[in-house]
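Keep in mind that what you see is a predicted model, and the values were worked out from it rather than measured.
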Amino acid sequence: MADSSSTGEISESHFLTVAEVAAMMRVSKMTVYRLVHSGELPAVRVGRSFRVLEKDVDDYLRKSFYNAG
């Protein structure tokens with residue numbers, strides 16, 4: 001049986017389409033698909049499309065940040 005606190009987190013989560021993630025990251029949709037298929041960016045498959053948690057995009061960008069200096 002699922003823990004009630006984990007159920008609440010999912011229902012309050014905001015899912016993004018691949019196009020929305022691409023626009024947010026300013027990359028192509030193909031780049032997002034590559035990240036999803038490689039496992040670098042977690043996603044949920046809904047029918048034939050993918051949905052990505054906004055939090056996962058933020059986490060990915062945060063850990064990928066490179067300080068050139």
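Residue pairs meeting the ring pair (Phe, Tyr, Trp, His ring centres under 6.0 Å) criterion with at least one partner in residues 20-45, sequence neighbours excluded, are His37-Phe50. Listed by first and then second residue, the salt bridge (charged side-chain N to carboxylate O under 4.0 Å, His left out) pairs involving residues 26-54 amount to none (not counting sequence neighbours).
Remark: Thr31 OG1 to Leu41 CG distance equals 11.5 Å, nearest 0.5 Å.
A salt bridge is defined here as a Lys NZ or Arg NE, NH1 or NH2 lying under 4.0 Å from an Asp or Glu carboxylate O, and Asp59 with Lys55 meets this definition.
With contacts defined as side-chain heavy-atom distances shorter than 4.5 Å, the pair Leu35/Met25 qualifies.
Qualifying salt bridge (Lys or Arg N to Asp or Glu O under 4.0 Å) partners for Asp58, counting only residues two or more places apart in sequence or in other chains: none.
Closest approach of Val36 to Ala43, counting heavy atoms only: CG1-CB, 3.7 Å.
Tyr60 and Leu53 end up in different hydrophobic clusters when Ile, Leu, Val, Met, Phe, Trp and Tyr side chains are linked at under 4.5 Å. No path of Ile, Leu, Val, Met, Phe, Trp and Tyr side chains, each step under 4.5 Å between heavy atoms, connects Val44 with Val57, placing them in separate hydrophobic clusters.
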